[in-house]
Amino acid sequence: CIWVDNCRGVTVTGGVQFLRSGTSHSGVRLKDSRDCSITGNRFSNITYPISFDNTTYSIATSNIISSHTTADNTTPTLQDAIRLWNNASYNVVGFNQISGQSSSNKYKYWVRLYSGSNYNRFDSNKIEDSTVGSESPEVNKKDEGTDNKFGTQFLGSLPVGSTFFTFDDENDSGMKRVATNELALYL
């Protein structure tokens, strides 16, 4: 859908809805970029909704990643809801809602970090436990990088059309929710 290559400061926000059509497998892919933001969007039936490829100091927050049956696509191909690879480092991923299509058609990982993706932060993502991975957020992620910090991730079911949950205090990764599309990072 959107491929950002060798850019700085790109923002994809405002409730954009990404729907898979044709053979496209990516929602938003940031490549060789930095200081970018993917915030407050919806991704539906996309194999790789959010991808950071050699991208640094960027954020993915308050997005809804989901899958459902459509007339054109009864079993969408799902793989990694959020993936970071090729030295994607110093990024923040938080306050996202992630759900697959069903218990038999799941996202394999809610997040996958390939070797070389280091020093990223993840916290307060809401993960549909019956449609993402196999057991828990710790099992449903794959981290081949080093020094990535995982705070609390939340398991549970996400009703269709659900709204975002809120937080009043700082959580264990140093991230604090302050408004609908606003995030404060306390290092």
Side-chain angles (χ1 to χ4, degrees), residues 1-5 7-31 33-53 55 57-73 76-84 88 91-102 105-107 109-112 120-128 131-132 137 151 153-168 171 173 175-185:
C1 289
I2 294 178
W3 181 312
V4 176
D5 194 354
C7 292
R8 185 174 189 156
V10 171
T11 299
V12 180
T13 191
V16 177
Q17 185 164 340
F18 297 90
L19 303 172
R20 179 168 180 198
S21 64
T23 59
S24 174
H25 295 286
S26 295
V28 175
R29 181 174 177 179
L30 303 177
K31 180 176 178 9
S33 298
R34 64 175 289 147
D35 305 315
C36 296
S37 173
I38 303 169
T39 303
N41 303 294
R42 291 180 171 268
F43 298 85
S44 183
N45 295 349
I46 300 174
T47 305
Y48 303 103
I50 298 174
S51 300
F52 288 4
D53 176 359
T55 293
Y57 302 102
S58 296
I59 64 171
T61 59
S62 302
N63 297 290
I64 298 173
I65 298 171
S66 64
S67 181
H68 58 278
T69 301
T70 65
D72 296 334
N73 196 353
T77 302
L78 309 176
Q79 191 63 35
D80 307 329
I82 301 169
R83 66 180 176 162
L84 294 86
N91 299 295
V92 175
V93 176
F95 303 99
N96 298 291
Q97 291 184 11
I98 303 164
S99 62
Q101 179 188 15
S102 66
N105 190 24
K106 304 177 179 190
Y107 276 105
Y109 300 110
W110 71 269
V111 65
R112 182 163 185 190
N120 297 289
R121 290 180 160 219
F122 302 86
D123 208 340
S124 303
N125 294 290
K126 177 100 177 190
I127 301 157
E128 169 74 55
T131 64
V132 177
Q153 312 306 321
F154 298 90
L155 283 178
S157 52
L158 302 173
V160 174
S162 62
T163 57
F164 237 101
F165 44 94
T166 59
F167 296 89
D168 294 326
N171 54 40
S173 75
M175 294 169 60
K176 184 176 182 182
R177 180 71 172 193
V178 289
T180 303
N181 282 333
E182 194 172 318
L183 180 72
L185 176 59

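Keep in mind the model is a prediction, meaning the values are calculated, not measured. Residue numbers run from 1 in the order of the sequence given.
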Report the residues that fulfil side chain to side chain contact (heavy atoms under 4.5 Å, CB included) with Val16, sequence neighbours left out, ordered by chain and then residue number. Phe18, Asn41
Can you tell me how far the OG1 atom of Thr77 sits from the CD1 atom of Ile46, to the nearest 0.5 Å? 12.5 Å
Looking at SG of Cys36 and NZ of Lys31, how far apart are the two atoms once the value is rounded to the nearest 0.5 Å? 13.5 Å
So which atom in Asp80 and which in Tyr107 form the shortest heavy-atom distance, rounded to 0.1 Å? C-CD2, 4.0 Å
Separation between CG (Asp35) and OG (Ser58), nearest 0.5 Å, reads 6.0 Å
When rounded to the nearest 0.5 angstrom, what is the spacing between OH in Tyr48 and CZ in Arg112? 8.0 Å
My understanding is that only residues two or more places apart in sequence, or in another chain, count here; which of them pass side chain to side chain contact (heavy atoms under 4.5 Å, CB included) with Ser37? Thr11, Thr39, Ile59
Results of salt bridge (charged side-chain N to carboxylate O under 4.0 Å, His left out) for Arg83 - residues two or more places apart only: none
Kindly give the heavy-atom pair with the smallest separation between Leu30 and Thr55, and that separation in Å. O-OG1, 2.8 Å
Note: Val132 and Ser99 closest approach over all heavy atoms is CG2-CA, 3.9 Å
Would you name the heavy atoms of Cys1 and Gly27 that are closest together and state the gap between them? CB-O, 3.2 Å
Could you check whether any side-chain heavy atom of Val111 comes within less than 4.5 Å of a side-chain heavy atom of Val93, counting everything from C-beta outward? no
Salt bridge (charged side-chain N to carboxylate O under 4.0 Å, His left out) involving Asp5 - partner list, sequence neighbours excluded: none
Find the distance between CD1 (Ile50) and CG (Asn91) and round it off to the nearest 0.5 Å. 11.5 Å
Sequence neighbours left out, what passes salt bridge (charged side-chain N to carboxylate O under 4.0 Å, His left out) with Arg34? Give chain and number order. none
Atom OG of Ser66 and atom CD1 of Ile98: how far apart are they, to the nearest 0.5 Å? 11.0 Å
Sorted by chain and number, sequence neighbours left out, side chain to side chain contact (heavy atoms under 4.5 Å, CB included) with Asn105 holds for Thr75, Pro76, Leu78, Gln101, Ser102
For the residue pair Pro49 and Ala81, what are the closest heavy atoms and their distance? CD-O, 3.2 Å
Could you check if a side-chain atom of Phe52 sits within less than 4.5 angstrom of a side-chain atom of Asn120, using non-hydrogen atoms only? no
